[in-house]
Amino acid sequence: MARKKQFDKEKVLDKAMKLFWKKGYNATSMEDLVSTLGINRASMYNTFGSKYDLFEQSLDKYNTTNAARIADFLYYQLNVRKGLQLLFENLITEVLSGGTSKGCLMVNTTTELANQNPTLDERLKESRLSLETVFYNYLKHGVDNGQISPYKDVKTISAYLFTLQSGLHVNSKINSSKEELGKIVTAGLSILD
């Protein structure tokens with residue numbers, strides 16, 4: 001008879017995601033995972049597979065949660081320009097809170113592991129495309145409502161906004177000036193003028 005799991009799989013996955021986010025894939029040891037997750041190795045392997053399998057599941061959870069969180073936030077912002085400004089201001093506040101910025105899990109993974117594993121590269125590409133789609137849909141809404149010029153290339157601007165967001169995550173690791181990061185956002189969003 002199989003034993004019943006004594007832990008909540010989603011809570012454990014959330015802990016793993018946060019650990020990989022903080023330390024990165026290579027710097028996270030099996031001992032780190034076992035002690036942080038509060039489960040033994042056998043349970044971890046039986047539930048999640050290898051360390052790499054657990055990492056991929058963590059990336060998927062982060063990607064889904066992050067894209068949904070951004071889409072939900074933007075959905076309630078009626079003015080597209082102000083909505084984007086607020087989104088990026090909140091991002092700056094978030095990444096600078098608590099001292100050292102841990103950046104974005106997907107950006108960190110890209111800088112650590114890109115071009116080493118085709119399957120992982122595909123996951124990173126999917127993450128990028130999901131966020132670009134969120135930005136595209138929001139910008140398209142702005143065009144449809146006359147808030148953004150119909151002559152703007154919203155597909156390219158969507159990719160640009162993803163790059164701006166990623167760059168802020170990286171820059172915040174070495175630049176803790178809210179004012180300077182805010183000026184970058186203002187300059188970046190001028191693309192909508």
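Scope of the values below: all heavy atoms of this structure, side chains included, with no hydrogens, waters or symmetry mates.
Under the 4.5 Å side-chain heavy-atom criterion for Ile, Leu, Val, Met, Phe, Trp and Tyr, Tyr45 and Val12 are members of the same hydrophobic cluster.
Around atom NZ of Lys18, no more than 12 heavy atoms belonging to other residues, nucleotides or ligands sit under 6.0 Å away. The number of heavy atoms from other shown groups lying within 6.0 Å of NZ (Lys152) is above 12.
Nearest heavy-atom pair across Glu132 and Ser158 is O-CB, 3.5 Å.
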*Verdict with reasoning, Ile39 to Thr47, per side-chain contact (heavy atoms from CB on, under 4.5 Å)*: CA-CA 10 Å; Ile39 61 175; Thr47 305; 5.7 Å; no

*What do the steps show when you test Asn66 against Met106 for side-chain contact (heavy atoms from CB on, under 4.5 Å), and what is the final call?*
CA-CA 10 Å; Asn66 190 45; Met106 301 310 278; 5.9 Å; no

_CA sep, side-chain torsions, deciding dist, call: Asn108, Lys22, side chain to side chain donor-acceptor pair (under 3.5 Å)_ = CA-CA 9 Å; Asn108 296 348; Lys22 178 180 177 184; over 6 Å; no

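One side chain, Asn40 or Ser43, offers a donor N or O that lies under 3.5 Å from an acceptor on the other. Checked by atom type, the side-chain pair Asp193/Ser190 shows no donor-acceptor distance below 3.5 Å. Asn145 and His141 share a donor-acceptor pair across their side chains, judged by distance under 3.5 Å alone.
For the pair Lys51 and Tyr25, the cation-pi test (distance below 6.0 Å, angle within 45°) is passed.
By the 4.5 Å heavy-atom criterion applied to side chains, Leu168 and Val95 are not counted as neighbours.
One distance of note links CG of Leu19 with CZ of Phe55; it measures 11.0 Å at 0.5 Å rounding.
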